[in-house]
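Only one structure is covered here, and it is reproduced in the block below.
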Amino acid sequence: MAPITLQMIRKRAEHNEGMVSTLEEVALHQEDIEKIEALGQLCRHLKIIYLQSNLIRKLENLHRLKELEYINLAVNNIQKIENMQRCESLKKIDLTVNFIEKSGLFSF
């Protein structure tokens, strides 16, 4: 398991000179991440997040990302979606090759 850390985000924010507070896009794919955490506290202005090919089981902890427009979670282990109602700008979620049962779905 690899937690999302400030160092990991800075490493992936090289096009933004390592500044995470103003970061609008981050690619954290293939990092063995099991849980979405820290993004809402560290990068409140994210618009695009790439988290494909990780080990994430639950779509959560994104409620502070009011500017989020797109999140790619393809090829994870997503089984449940929670607290996405506050992502007011969200236009697209890619959940390709995740097997979410009806009980794990949410409604906007």
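Keep in mind it's a predicted model, so treat the numbers as computed, not measured.
- To the nearest 0.5 Å, atom CG of residue Leu65 and atom CD of residue Gln41 are 9.0 Å apart.
- Side chains of Arg44 and Arg64 form a contact here, defined as non-hydrogen atoms less than 4.5 Å apart.
- With hydrogens and angles ignored, the 3.5 Å screen pairs no side-chain donor or acceptor of Ser89 with any backbone N or O of Leu68.
- Checking side-chain atoms of Asn76 against main-chain N and O of Leu55 turns up a donor-acceptor pair under 3.5 Å.
- Residue Gln7 qualifies as open at atom CD: its count of foreign heavy atoms under 6.0 Å is 12 or below.
- Environment of NZ in Lys35: sparse, with no more than 12 heavy atoms of neighbouring residues, nucleotides or ligands closer than 6.0 Å.
- The side-chain heavy atoms of Leu39 and Ile9, taken from C-beta on, include a pair separated by under 4.5 Å.
- With rounding to the nearest 0.5 angstrom, the NZ atom of Lys47 is 6.0 Å from the CD atom of Glu67.
- Considering all non-hydrogen atoms of both residues, Leu90 and Tyr70 come closest at CD1-N, 4.1 Å.
- Checked for salt-bridge contact, Glu101 and Lys80 miss the test: no charged N lies under 4.0 Å from a carboxylate O.
- Asn54 contributes no side-chain N or O that, together with a main-chain N or O of Ile56, makes up a donor-acceptor pair within less than 3.5 Å.
- Note: the hydrophobic cluster containing Tyr50 does not contain Val75 (ILVMFWY, side chain heavy atoms under 4.5 Å, direct or indirect links).
- Of all the heavy atoms in Leu62 and Met84, the pair that sits closest is CD1-SD, 3.9 Å.
- The backbone N or O of Ala27 sits less than 3.5 Å from a side-chain atom of Arg12, completing a donor-acceptor pair.
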Using the side-chain contact (heavy atoms from CB on, under 4.5 Å) rule, take Lys58 and Glu82 through it: C-alpha gap first, then chi angles, then the decisive distance, then the call.
CA-CA 8 Å; Lys58 189 187 302 185; Glu82 292 183 351; 3.6 Å; yes
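- Residues Ile100 and Ile81 form a side-chain contact, since some pair of their non-hydrogen atoms from C-beta on lies under 4.5 Å apart.
- Here the straight-line distance linking atom CD of Glu17 with atom CZ of Arg10 works out to 12.5 Å at 0.5 Å rounding.
- Annotation: the span from Thr22 atom OG1 to Leu46 atom CG amounts to 10.0 Å, rounded to 0.5 Å.
- For the residue pair Leu23 and Ala13, the shortest heavy atom distance occurs at CD1-CB, 3.7 Å.
- Taking all atoms of both residues into account, the shortest heavy-atom contact from Ala2 to Glu31 is CB-O, 3.0 Å.
- To the nearest 0.5 Å, atoms CG (Asn61) and CG (Asn83) are separated by 8.0 Å.
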Assess the residue pair Ile33 and Leu51 against the criterion (side-chain contact (heavy atoms from CB on, under 4.5 Å)); give the C-alpha distance rounded to whole Å, side-chain angles, the decisive distance to 0.1 Å, and a yes or no.
CA-CA 8 Å; Ile33 296 167; Leu51 282 165; 3.9 Å; yes
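- A continuous path of ILVMFWY side-chain contacts below 4.5 Å connects Leu42 to Leu28, so both sit in one hydrophobic cluster.
- Closest heavy-atom contact between Met8 and Pro3: CE-O, 3.3 Å.
- Closest approach of Ile78 and Leu59 over heavy atoms only: CD1-N, 4.2 Å.
- Taken from OG1 in Thr5 to NZ in Lys11, the straight-line distance is 9.0 Å, to the nearest 0.5 Å.
- In the hydrophobic cluster analysis, where Ile, Leu, Val, Met, Phe, Trp and Tyr join through side-chain heavy atoms closer than 4.5 angstrom, Ile36 is grouped together with Leu95.
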